[in-house]
K.L.:
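One structure, as structure tokens, below. Some questions next.
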Amino acid sequence: MKRQITLFVVLVSFALILSACGNAGESSGLEPVPSDYAGITNPFVGDAETIAAGQVIYASRCASCHGETGMGDGPASASLDPKPSRLGDAVKEAGADYLYWRIAEGGIQSPFNSSMPAHKSVLSQDEIWQVVTFLQSME
Ligand code: HEC
């Protein structure tokens, strides 16, 4: 009986360690959101009007690289290194603050060093949130 309990404790500890590693692995794909952006929340509620406004911005400013459906296969993508991301992956894994940050600041800074343009000077805060709302509606 004592052996069984010991075995049980060992197995449970093992499972806990494994799940902790799993969580660490999940977040390792994405860079941490800097404190200026961490935790900011979307003022829009995902209504049809906001999504439509975001879609118009996406079509004119994002689709050339990220592709019409966010697969990273826009006409300009072929010549880019690194390639534009498949946005569905980021939308699934990241919070709205991450998406806002990446759209606002682009990929000019390390560790991205990419051609992803910063949009904070060309789009208003509301416009960036509209795009975020559109991206989240694409799932
Ligand atoms: C000139 C091409 C280009 C344009 C235009 C562009 N992007 Fe990007 N984008 C990239 C590239 C390349 C990456 C991958 C490298 C990186 O993360 O910086 C990227 C990364 C991203 C990421 C991070 C994805 C992740 O998995 O971490 C998001 C979110 C994003 N773009 C959204 C947008 C949105 C929204 C627009 C339009 C407002 C846009 N991009 C316009 C090239 C572009």
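All values derive from a computational prediction rather than experimental measurement. All ligand and atom numbering here is 1-based and tracks the order in the structure.
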K.L.:
When you measure from the side chain of Asp97 to the backbone of Ala38, do you find a donor-acceptor pair of N or O atoms at a distance under 3.5 Å?
P.N.:
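Looks like no, no N/O pair under 3.5 Å.
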K.L.:
For ligand 1, which atoms, with element, lie under 4.0 Å from some heavy atom of Ser115?
P.N.:
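In order of number, 1 (C), 12 (C).
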K.L.:
Are Met71 and Met138 connected in the hydrophobic side-chain network, where two residues link if heavy atoms are under 4.5 Å apart?
P.N.:
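No; Met138 is not reachable from Met71 via cluster members.
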K.L.:
Judged by atom type as modelled, is there a donor-acceptor pair below 3.5 Å linking the side chain of His66 to the main-chain atoms of Ser64?
P.N.:
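Checked: no pair found.
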K.L.:
What residue and atom, counting heavy atoms only, is the protein's closest point to atom 12 (C) of ligand 1, and at what distance?
P.N.:
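Minimum-distance protein heavy atom for atom 12 (C) of ligand 1 reads Pro82 O, 3.3 Å.
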K.L.:
Just need the protein heavy atom nearest to atom 22 (C) of ligand 1, so name the residue and atom and give the distance.
P.N.:
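The closest one turns out to be Leu87 CD2, 4.0 Å.
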K.L.:
At what distance is the nearest protein heavy atom to atom 23 (C) of ligand 1, and which residue and atom is it?
P.N.:
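Sorting protein heavy atoms by distance from atom 23 (C) of ligand 1 puts Arg102 NH1, 3.5 Å first.
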K.L.:
So with a 6.0 Å cut-off around CD of Gln109, is the heavy-atom count from everything else above 12?
P.N.:
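Result for CD/Gln109: enclosed.
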K.L.:
Can you check side-chain contact (heavy atoms from CB on, under 4.5 Å) on Ile40 and Trp101, steps first, answer last?
P.N.:
CA-CA 9 Å; Ile40 55 173; Trp101 164 52; over 6 Å; no
K.L.:
Hey, quick one: are Val122 and Ile128 part of the same hydrophobic cluster, counting side-chain heavy atoms closer than 4.5 Å, chains of contacts allowed?
P.N.:
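Yes.
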K.L.:
Give the residue and atom name of whichever protein heavy atom lies nearest to atom 2 (C) of ligand 1, and the separation in Å to one decimal.
P.N.:
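Atom 2 (C) of ligand 1 sits closest to the protein heavy atom Cys65 SG, 1.9 Å.
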K.L.:
What atoms in ligand 1 come closer than 4.0 Å to a heavy atom of Lys83?
P.N.:
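This gives 12 (C), 14 (C) as the contact atoms.
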K.L.:
What part of Ala94 sits under 4.0 Å from ligand 1 if we count only heavy atoms: the side chain, the backbone, both or neither?
P.N.:
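Contact part for Ala94 vs ligand 1: neither.
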K.L.:
To check you understand the geometry: which heavy-atom pair defines the closest contact between Tyr58 and Glu68, and what is its length?
P.N.:
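Nearest heavy atoms, Tyr58 then Glu68: CE2-O, 3.7 Å.
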K.L.:
Measuring only between side-chain heavy atoms, which start at C-beta, is Arg61 closer than 4.5 Å to Leu123?
P.N.:
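Yes, at least one pair of side-chain atoms sits under 4.5 Å.
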K.L.:
Tell me whether ligand 1 is touched by Asp89 - counting only heavy atoms on the residue side and a distance under 4.0 Å.
P.N.:
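Checking ligand 1 against Asp89, which is what was asked, there is no heavy-atom contact under 4.0 Å.
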K.L.:
Identify, by atom number and element, the atoms of ligand 1 in contact range of Leu80, meaning under 4.0 Å from any of its heavy atoms.
P.N.:
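Ligand 1 atoms under the 4.0 Å threshold to Leu80: 2 (C).
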K.L.:
I'd like the name of whichever of Gly72, Ala104, Ser85 reaches closest to atom 20 (C) of ligand 1 through any heavy atom.
P.N.:
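Considering heavy atoms of Gly72, Ala104, Ser85, the nearest to atom 20 (C) of ligand 1 sits in Ser85.
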K.L.:
Run the numbers for me: atoms of ligand 1, each under 4.0 Å from some heavy atom of Val131, listed by number.
P.N.:
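Contacts of ligand 1 toward Val131, numbered from 1: 35 (C).
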K.L.:
Cut-off 3.5 Å, side chains only: do Asn42 and Thr133 have a donor facing an acceptor?
P.N.:
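Result is yes, a qualifying pair exists.
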K.L.:
Any donor and acceptor pair, going by atom type alone, linking the side chain of Ser114 with main-chain N or O of Met116 inside 3.5 Å?
P.N.:
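Yes.
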K.L.:
Can you figure out which of Ser64, Ala76, Ala90, Ser77 has its heavy atom closest to atom 25 (C) of ligand 1?
P.N.:
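Going through Ser64, Ala76, Ala90, Ser77 one by one, Ala90 has the nearest heavy atom to atom 25 (C) of ligand 1.
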K.L.:
Give a rough value, rounded to 10 degrees, for the angle at atom 8 (Fe) of ligand 1 between atoms NE2 of His66 and SD of Met116.
P.N.:
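NE2 of His66, atom 8 (Fe) of ligand 1 and SD of Met116 span an angle of about 180°.
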K.L.:
Against heavy atoms of Gly107, which atoms of ligand 1 measure under 4.0 Å?
P.N.:
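By the 4.0 Å cutoff, the relevant atoms are 18 (O).
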K.L.:
For atom 11 (C) of ligand 1, which protein heavy atom lies nearest, and how many Å away is it?
P.N.:
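That would be Pro84 CA, 3.5 Å.
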K.L.:
Starting from atom 38 (C) of ligand 1, what is the nearest protein heavy atom, named by residue and atom, and what distance separates them?
P.N.:
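Protein heavy atom with the smallest distance to atom 38 (C) of ligand 1: Cys62 SG, 2.6 Å.
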K.L.:
As an exercise, identify every atom of ligand 1 less than 4.0 angstrom from a heavy atom of Ile103.
P.N.:
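Heavy-atom distances to Ile103 below 4.0 Å select 32 (C), 35 (C).
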K.L.:
Are Leu30 and Val33 linked, directly or through intermediate hydrophobic residues, by side-chain heavy-atom contacts shorter than 4.5 Å (ILVMFWY only)?
P.N.:
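Yes; Leu30 is reachable from Val33 via cluster members.
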K.L.:
Is Ser114 in polar range of ligand 1, meaning some N or O pair under 3.5 Å apart?
P.N.:
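Yes; the residue has a nitrogen or oxygen that sits under 3.5 Å from a nitrogen or oxygen of the ligand.
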K.L.:
Will you find, in the side chains of Glu105 and Tyr37, an N or O donor that is under 3.5 Å from an N or O acceptor?
P.N.:
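Note: Glu105 and Tyr37 side chains meet the donor-acceptor criterion.
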K.L.:
To which protein heavy atom is atom 27 (O) of ligand 1 closest, and what is the distance rounded to 0.1 Å?
P.N.:
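Sorting protein heavy atoms by distance from atom 27 (O) of ligand 1 puts Tyr98 OH, 2.6 Å first.
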K.L.:
Name the closest protein heavy atom to atom 5 (C) of ligand 1, giving the residue it belongs to and the distance to 0.1 Å.
P.N.:
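I find the closest protein heavy atom is Arg61 O, 3.2 Å.
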